Protein chains: 2
Amino acid sequence: MSNRRDAVHEILRQSEGFRSAQDVYAEMRAEGAKIGLTTVYRALQALADSGHVDTLRTDDGESVYRACASGDHHHHLVCRRCGRTVEVAGPAVERWAEAVGSEHGFTGITHTVEVFGTCASCSSAAAKPAGVPSRA
Amino acid sequence: MSNRRDAVHEILRQSEGFRSAQDVYAEMRAEGAKIGLTTVYRALQALADSGHVDTLRTDDGESVYRACASGDHHHHLVCRRCGRTVEVAGPAVERWAEAVGSEHGFTGITHTVEVFGTCASCSSAAAKPAGVPSRA
DNA sequence: ACGGTTTTGACAACCGTTTTCATTTGCACG
DNA sequence: CGTGCAAATGAAAACGGTTGTCAAAACCGT
Ligand SMILES: [Zn+2]
Ligand SMILES: [Zn+2]
Ligand SMILES: [Zn+2]
Ligand SMILES: [Zn+2]
């Protein structure tokens, strides 16, 4: 439908990790795109609602978004340094969550699972000189 | 050390689920306690830093806190209706997170895991008349 | 071209949280 | 008891991400 929406989606597709709304907005403006911050927020929300992008909250309360390859339910292993993210499936976790829920009489179980760490290139860069910039 | 800090801690101890800073502040004022919102925020942060309370972010970005019985690492199964929370251990999840991390060359693995659902009393109350208030 | 609908975006309002900073409190020492 | 000093407190202002407002702009079928 919306041209803007696709533009935002495209930015996410070209990104390696999760991006914030302001982040995406800044990049689009830098590229000369004529778009408003409000529209970026709306696009991201729409994409998230329609399940086209995954979203999560950073520790400091910022919402970040990512266009994931898999449309199926999955989780994320994200580098806390550079943001690089890999999608991971966790059948074991899915079962565990379901089990622990019903075990206590809870229904309609959902869960949030995120794994953080320092990726190989970042941890090797850390030991030596200054590393590559951040965000991919 | 601080008298205020303990007072805040106490409120959390008496609570069944996670509470927000403003939430705690409101209750303390209602009880006639003379305390400022700033201090509540500081107390909660200190308690969280020292590991005396667990904290997590709600979907709408609010930080909430809870005084948990177990000092060991654990996760939470929280009723999305009334907020009632039960602490759950998940050795399987711990292992899985660690495995999936190192599998991809990540180090210093940490993780966030929360399980949500509707508790037994809430789901039975939902089917019939109007339910009990919220928060405990 | 034309009315009606949808989308857009500059700007202001929101709201939880953090900072600031002047005041109060707690405590050791004389 | 004073006095001095450092930590704690809290009212109010600043912050920052997000959402709401509303008038202008882009679309679209006719
Ligand atoms: Zn994903
Ligand atoms: Zn899952
Ligand atoms: Zn806990
Ligand atoms: Zn764990």
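Naming convention: chains lettered A, B, ... in sequence-line order (proteins, then strands); numbering from 1 in each chain. Keep in mind it's a predicted model, so treat the numbers as computed, not measured.
- Taking atom CG on B:L56 and atom P on C:dG16, their separation rounds to 16 Å, with Å as the unit.
- Summarising the geometry, the separation between CD1 on A:I35 and C1' on C:dT8 is reported as 9 Å, rounded to the nearest angstrom.
- Taking side-chain N and O atoms only, A:R4 has a distance below 4.0 Å to OP1 or OP2 of C:dG9.
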Listing time: all N or O pairs from protein to nucleotides 25-28 of chain C that are below 3.5 Å?
none

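- A donor atom on one side chain and an acceptor atom on the other are found under 3.5 Å apart for A:E94 and A:H111.
- A salt bridge links B:E10 to B:R13: one of the charged nitrogens lies within less than 4.0 Å of a carboxylate oxygen.
- Fit an axis to the five pairs at each end of the helix from C:dA1-D:dT30 to C:dG30-D:dC1 and the two axes sit 20° apart, to the nearest 10 degrees.
- Residues forming a salt bridge (charged side-chain N to carboxylate O under 4.0 Å, His left out) with B:E103 (at least two apart in sequence, or on another chain): none.
- For A:T39, no side-chain nitrogen or oxygen approaches OP1 or OP2 of C:dT8 to under 4.0 Å.
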Set out, line by line, the N/O atom pairs under 3.5 Å between protein and nucleotides 18-21 of chain D.
| unit_1 | atom_1 | unit_2 | atom_2 | d |
| --- | --- | --- | --- | --- |
| D:dT18 | OP1 | A:S63 | N | 2.7 |
| D:dT18 | OP2 | A:Y41 | OH | 2.7 |
| D:dT19 | OP1 | A:Q45 | NE2 | 3.3 |
| D:dT19 | OP2 | A:Q45 | NE2 | 2.9 |
| D:dG20 | O6 | A:T38 | OG1 | 3.4 |

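- A:R5 has its CZ atom 15 Å from the C1' atom of C:dG9, to the nearest Å.
- Using a 4.5 Å cut-off between side-chain heavy atoms of Ile, Leu, Val, Met, Phe, Trp and Tyr, with links allowed through other members, B:V24 and B:Y41 fall into the same hydrophobic cluster.
- The CG-P distance, from A:N3 to C:dT7, rounds to 13 Å in whole Å.
- Here the straight-line distance linking atom CZ of B:F18 with atom OG of B:S63 works out to 11.0 Å at 0.5 Å rounding.
- At a cut-off of 3.5 Å, with distance as the only test, a side-chain donor of B:R80 or A:T110 sits close to an acceptor on the other residue.
- Under the side-chain hydrogen bond (donor to acceptor under 3.5 Å, both in side chains) criterion, no residue pair touches residues 31-40 of chain B, with sequence neighbours excluded.
- Under the 3.5 Å distance criterion, with hydrogens and angles disregarded, no donor-acceptor pair is assigned to the side chains of B:R84 and B:S121.
- For B:R66 and B:E87, the salt-bridge test passes: some basic side-chain N is under 4.0 Å from an acidic carboxylate O.
- Applying the side-chain hydrogen bond (donor to acceptor under 3.5 Å, both in side chains) test to residues at least two apart or on different chains, the pairs with a partner in residues 44-54 of chain A are A:S50-A:H52, A:D54-A:H74, A:D54-A:H76.
- We find that CG of B:D6 is positioned 10 Å from P of D:dT9, with the value rounded to whole Å.
- A salt bridge links B:R19 to B:E27: one of the charged nitrogens lies within less than 4.0 Å of a carboxylate oxygen.
- At whole-Å resolution of the value, OH in A:Y25 and C1' in C:dT8 are 12 Å apart.
- Distance B:L44 CG to C:dG16 C1': 13 Å, rounded to the nearest Å.
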